[in-house]
Amino acid sequence: MPELPEMEHYKLVLEKRVINKPISEVLINRPKSVNLDTSLFEKKLKGQEIEAIERRAKFLAFHLKNKEVLLLHLMLGGKLYYGTEETSPDHEKQVILDFGDNALFFIGLRLGYLHLLTQNELEKEWANLGPEPLSPNFTETDFLDRLKQKRGKLKAVLVDQSFVAGIGNRYSDEINFAAALSPKREVSGLASNEVSSLFSALRQVLTHAIEAGGYLDLPVFEGDVLTGGAERTMKVHRRAGHPCPRCGATIIEEKITSKKTSFCPNCQH
DNA sequence: AGGGCAACCCGGACGC
DNA sequence: TGCGTCCGGGTTGCCC
């Protein structure tokens with residue numbers, strides 16, 4: 001569920017808090033969430049420091065001093081919290097990294113995971129990801145070139161991680177709305193001005209969502225008032241039955257290539 | 001090659 | 001404030 005803006009938000013919050021602090025304890029409550037034998041995982045991590053946090057698509061990579069990497073994917077319903085045991089939310093924590101004064105809690109890792117990898121293994125994991133949509137290197141020309149090679153419906157293409165990385169069900173709805181394009185459109189039939197709208201919508205929606213703190217409902221630390229702000233900026237996603245903020249028609253929800261999709265049937269063409 | 005679907009998993013929503 | 005059932009969601013992989 002967390003998508004690019006939510007993971008970027010976690011990165012921004014956490015890199016102010018966990019960088020260069022030794023990990024004093026590691027607690028694994030759910031062995032399936034990690035990729036090594038729990039005692040080995042704990043042993044390898046204990047005493048290590050996180051040197052940098054990198055986000056790629058919906059992943060966070062915690063780069064360790066010893067050049068190994070903790071790779072996190074939250075999948076469905078995964079969340080993070082940084083603070084003390086007392087202030088932490090009353091949810092099951094599958095993995096806890098303790099930094100002494102505060103700890104990083106990995107919550108709701110059901111399908112999600114935290115894997116300790118080498119740099120090479122990390123590269124393999126990321127080999128099939130498309131470009132980062134907010135990278136300054138990613139231009140409208142790149143976008144157009146990639147789009148030319150794709151077929152299928154706009155909805156399916158936007159959530160395809162090998163096309164552009166980091167967009168999921170929620171933001172694909174918002175991007176299509178911002179571009180005033182129907183999620184059912186075949187991408188091969190898009191006119192060049194429509195591709196332009198789509199490209200700027202993509203950047204604008206994701207950028208604004210990051211600025212608003214993402215949509216996740218759980219504060220990341222005590223006193224956190226920013227997280228979740230993007231929920232209020234949703235124009236169509238999961239708003240079926242409400243009036244379209246652009247034209248006033250009723251927003252609908254339909255399954256498009258097996259994805260629940262919200263859109264305005266009147267002003268998205 | 002694109003679309004459909006099952007598997008992974010379990011918190012939360014819903015029905016009673 | 002109970003108990004069972006079902007669903008959702010990203011990703012992978014397998015089918016047609």
Side-chain angles (χ1 to χ4, degrees), chain A residues 1-10 28-35 55-61 71-81 88-95 105-115 117 121-133 145-176 182-190 202 206 209 214-219 228 230-231 234 236-241 253-263:
Chain A
M1 289 150 89
E3 303 177 29
L4 185 154
E6 287 68 43
M7 298 312 284
E8 184 69 20
H9 178 62
Y10 278 139
I28 298 164
N29 294 320
R30 184 177 181 275
K32 283 177 93 168
S33 296
V34 301
N35 62 329
R55 184 198 55 75
R56 177 85 170 95
K58 303 171 190 171
F59 292 93
L60 281 192
L71 179 66
L72 172 71
H73 198 302
L74 292 175
M75 295 286 259
L76 315 173
K79 287 165 190 179
L80 300 178
Y81 181 80
S88 71
D90 186 21
H91 291 123
E92 195 161 338
K93 292 112 183 176
Q94 284 76 21
V95 182
F105 299 90
F106 296 83
I107 300 161
L109 288 191
R110 323 206 281 282
L111 299 181
Y113 52 86
L114 188 64
H115 286 177
L117 305 174
E121 288 167 332
L122 178 68
E123 277 175 38
K124 269 187 215 156
E125 290 281 335
W126 286 357
N128 295 324
L129 291 174
E132 280 297 319
D145 288 345
R146 294 185 73 78
L147 208 49
K148 277 184 193 157
Q149 295 162 27
K150 291 296 285 187
R151 262 171 285 179
K153 294 189 167 58
L154 192 46
K155 178 71 183 183
V157 170
L158 283 180
V159 299
D160 180 347
Q161 299 301 295
S162 70
F163 173 64
V164 167
I167 300 168
N169 200 26
R170 172 180 294 254
Y171 289 106
S172 61
D173 281 351
E174 293 300 311
I175 290 165
N176 284 328
S182 164
K184 297 192 229 183
R185 286 285 294 279
E186 284 292 324
V187 290
S188 55
L190 292 175
L202 190 142
L206 296 177
Y215 73 80
L216 292 171
D217 50 5
L218 192 69
E231 182 62 47
M234 294 295 144
V236 288
H237 182 70
R238 298 240 124 203
R239 295 189 52 76
E253 185 178 271
E254 263 180 44
K255 270 209 167 184
I256 299 174
T257 62
S258 56
K259 293 248 161 228
K260 264 195 181 176
T261 306
S262 309
F263 62 103

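Considering only residues two or more places apart in sequence or on other chains, A:K153 meets the side chain to side chain donor-acceptor pair (under 3.5 Å) condition with none of them. Shown here are the side-chain contact (heavy atoms from CB on, under 4.5 Å) partners of A:P219, two or more places apart in sequence or in another chain: A:D224. Contacts of A:R55 classified as side-chain contact (heavy atoms from CB on, under 4.5 Å), with partners at least two apart in sequence or in another chain: A:L4, A:M7, A:E8, A:K11, A:L60, A:E132. With sequence neighbours excluded, the residues forming a side-chain contact (heavy atoms from CB on, under 4.5 Å) with A:K148 are A:L144, A:D145, listed by chain and number. For A:R238, the side-chain contact (heavy atoms from CB on, under 4.5 Å) partners at least two apart in sequence or on another chain are A:E253, A:K260. Every salt bridge (Lys or Arg N to Asp or Glu O under 4.0 Å) that A:K155 has, sequence neighbours left out, goes to A:D173. Considering only residues two or more places apart in sequence or on other chains, A:K150 meets the salt bridge (Lys or Arg N to Asp or Glu O under 4.0 Å) condition with A:D160. Looking at residues two or more places apart in sequence or on another chain, you find a ring-ring contact (aromatic ring centres under 6.0 Å, His included) between A:H115 and A:Y113.
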Pairing annotation in dot-bracket form, given for DNA chain C with Watson-Crick or G-U pairs under 3.5 Å and | for cross-strand partners: .||.||||||||||||
Write out a two-atom table: protein N or O, nucleotide N or O from nucleotides 4-8 of chain C, distance below 3.5 Å.
from, atom 1, to, atom 2, distance (Å)
C:dG8, OP1, A:K260, NZ, 3.3
C:dG8, N2, A:R110, NH2, 3.0

Set out, line by line, the N/O atom pairs under 3.5 Å between protein and nucleotides 12-16 of chain C.
none

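For DNA chain B, the span of nucleotides reached by chain A at under 4.0 Å from its heavy atoms goes, 5' to 3', from B:dG2 to B:dG12.
Under the 30°/60° scheme for interplanar angles, the aromatic rings of A:Y171 and A:Y215 are found to be tilted.
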